[in-house]
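Step one of this worksheet: look at the structure below.
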Amino acid sequence: MFSQVISDFDMTLTRFAHNGKRVPTTHNILDNRLLINEDCTRKMRELLNTYYPIEIDASRSAEEKLPLMVEWWTKVHELLIEQKIRRDMLAHAVKESSAMLRDGYKVFFECLAEHQVPLLIFSAGVGDVLEEVIRQNHVFHPNIHIISNYMDFDQTVEERKESYINSFDVVLVKDETLDVPNAILRYITSSRDEMQHATLT
Ligand SMILES: Nc1ccn([C@@H]2O[C@H](COP(=O)(O)O)[C@@H](O)[C@H]2O)c(=O)n1
């Protein structure tokens, strides 16, 4: 019986190609206008064209490739940080992408989960995207453990709400109207009008 299964993700658990077209890696799934601009796409493609041939070059040793691969994803991650990617847009990007797990993935993931065999996924890809791909295929079971690159998102409004509530008298959430400011204005202007009226009479 297995004690654990260790796998990488892109092009191992996902397909290499489908109907003659390359299936995107987790980095390539981010190439979506919801997340990054055209300039970032262009620069990421240039980096892919430079470094991917090195990754698959059988004549180079792993020792030779390693610093170059680190250089690749460091450059890409610097570009991605500039894009201020929103966490809530990742699911849309994965849905719109042609990301695909390999045929037979259900049997593979279900069998390991059923027998409580830990599945360790080590990936040089993007962990947040990788998780979303597995989740959208409904096979994110508790036996899965992922070691990958995770994005560090800026705080959301929800996360900042507490500090706003502590700092301001009124905090409006998901209110697209000016009803509250108008009510405050009405209150202020009517009490001023009343004072003026009282001074005149
Ligand atoms: N900026 C990058 C960096 C890496 N990739 C590709 O992702 C693959 C990650 O593979 P794992 O097996 O570790 O999941 C890697 O093989 C690179 O080809 C990329 O597309 N963009």
Side-chain angles (χ1 to χ4, degrees), residues 4-87 89-106 108-109 112 117-137 139-141 143-153:
Q4 61 182 347
V5 171
I6 299 176
S7 174
D8 54 11
F9 187 73
D10 289 307
M11 299 174 269
T12 304
L13 293 178
T14 58
R15 292 179 67 123
F16 179 80
H18 180 59
N19 290 339
K21 268 193 74 185
R22 286 294 299 268
V23 165
T25 63
T26 49
H27 278 98
N28 295 339
I29 290 170
L30 296 174
D31 183 4
N32 180 310
R33 283 294 159 271
L34 288 172
L35 303 173
I36 65 173
N37 61 29
E38 261 176 63
D39 186 51
C40 183
T41 293
R42 186 182 52 75
K43 289 178 179 158
M44 277 175 66
R45 290 207 182 137
E46 279 169 14
L47 291 170
L48 180 76
N49 293 338
T50 306
Y51 290 96
Y52 186 63
I54 300 174
E55 180 185 0
I56 58 170
D57 183 350
S59 71
R60 294 182 192 240
S61 67
E63 288 72 29
E64 195 186 340
K65 289 179 188 184
L66 185 66
L68 296 166
M69 295 300 102
V70 173
E71 194 174 281
W72 180 12
W73 71 64
T74 304
K75 286 181 181 171
V76 168
H77 295 167
E78 277 164 7
L79 288 172
L80 291 173
I81 289 166
E82 286 169 13
Q83 298 298 303
K84 308 231 172 297
I85 291 173
R86 278 174 45 191
R87 191 203 300 267
M89 286 292 147
L90 288 182
H92 291 279
V94 171
K95 215 166 272 164
E96 284 186 358
S97 77
S98 49
M100 254 181 124
L101 294 172
R102 280 180 188 262
D103 294 355
Y105 74 90
K106 260 199 191 317
F108 177 79
F109 281 87
L112 294 177
V117 176
L119 170 58
L120 307 186
I121 303 176
F122 283 87
S123 173
V126 184
D128 313 78
V129 178
L130 181 166
E131 283 194 10
E132 195 53 39
V133 173
I134 300 177
R135 202 172 290 121
Q136 289 187 16
N137 282 284
V139 286
F140 206 144
H141 299 304
N143 63 318
I144 294 179
H145 307 278
I146 298 163
I147 292 114
S148 186
N149 304 298
Y150 280 87
M151 296 193 212
D152 198 358
F153 293 96

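Counting begins at 1 with the first residue of the sequence. Counting starts at 1 for both ligands and their atoms, following the listed order.
Across Asn28, Leu35, Asp31, a single residue satisfies side chain to side chain contact (heavy atoms under 4.5 Å, CB included) together with Thr41, and that is Asp31.
Ion pairing of Glu78 with Lys75 is absent here, as no side-chain N (NZ or NE/NH1/NH2) approaches a carboxylate O to less than 4.0 Å. Between Asp57 and Lys65 there is no salt bridge, since no side-chain N of the basic residue sits under 4.0 Å from a carboxylate O of the acidic one. Salt bridge present: Arg42 and Glu46 bring a charged side-chain N and a carboxylate O closer than 4.0 Å.
A donor-acceptor pair is defined here as one N or O able to donate and one able to accept, closer than 3.5 Å; such a pair exists between the side chain of Ser148 and the backbone of Ser123.
In summary, the atoms of ligand 1 found under 4.0 Å from a heavy atom of Tyr52, numbered by their order in the structure, are 18 (O). Of all atoms in ligand 1, listed by their number and element, those nearer than 4.0 Å to a heavy atom of Met11 are 16 (O), 18 (O). Per-residue contacts place Phe9 under 4.0 angstrom from the following atoms of ligand 1 (heavy atoms of the residue considered): 11 (P), 12 (O), 14 (O). Using a 4.0 Å cut-off to heavy atoms of Val76, the atoms of ligand 1 that qualify are 1 (N). For ligand 1, the atoms closer than 4.0 angstrom to any heavy atom of Glu55 are 15 (C), 16 (O), 17 (C), 18 (O).
Polar contact with ligand 1: absent for Trp73 (N/O pair, distance under 3.5 Å). Polar contact with ligand 1: present for Asp8 (N/O pair, distance under 3.5 Å).
Residues Asn37 and Gln83 are in side-chain contact: their nearest non-hydrogen atoms beyond the backbone lie under 4.5 Å apart. Counting heavy atoms from C-beta on, the side chains of Leu101 and Phe9 come closer than 4.5 Å. Two residues are said to be in side-chain contact when any heavy atoms from C-beta on lie closer than 4.5 Å; His27 and Leu48 fail this criterion.
At the shortest separation from atom 7 (O) of ligand 1 among protein heavy atoms lies Asp10 OD2, 3.6 Å. Looking from atom 13 (O) of ligand 1 to the surrounding protein, the closest heavy atom is Ala124 N, 2.7 Å. Counting only heavy atoms of the protein, atom 11 (P) of ligand 1 lies nearest to Ser123 OG, 3.6 Å. The closest protein non-hydrogen atom to atom 19 (C) of ligand 1 is Trp72 CZ2, 3.5 Å. Residue, atom and distance of the protein heavy atom nearest to atom 20 (O) of ligand 1 are Thr25 OG1, 2.9 Å.
Minimum interatomic distance between Ala91 and Glu132 (heavy atoms only, all atoms of both residues): CB-OE2, 3.5 Å.
Distances from ligand 1 to the non-hydrogen atoms of His77 include no value under 4.0 Å.
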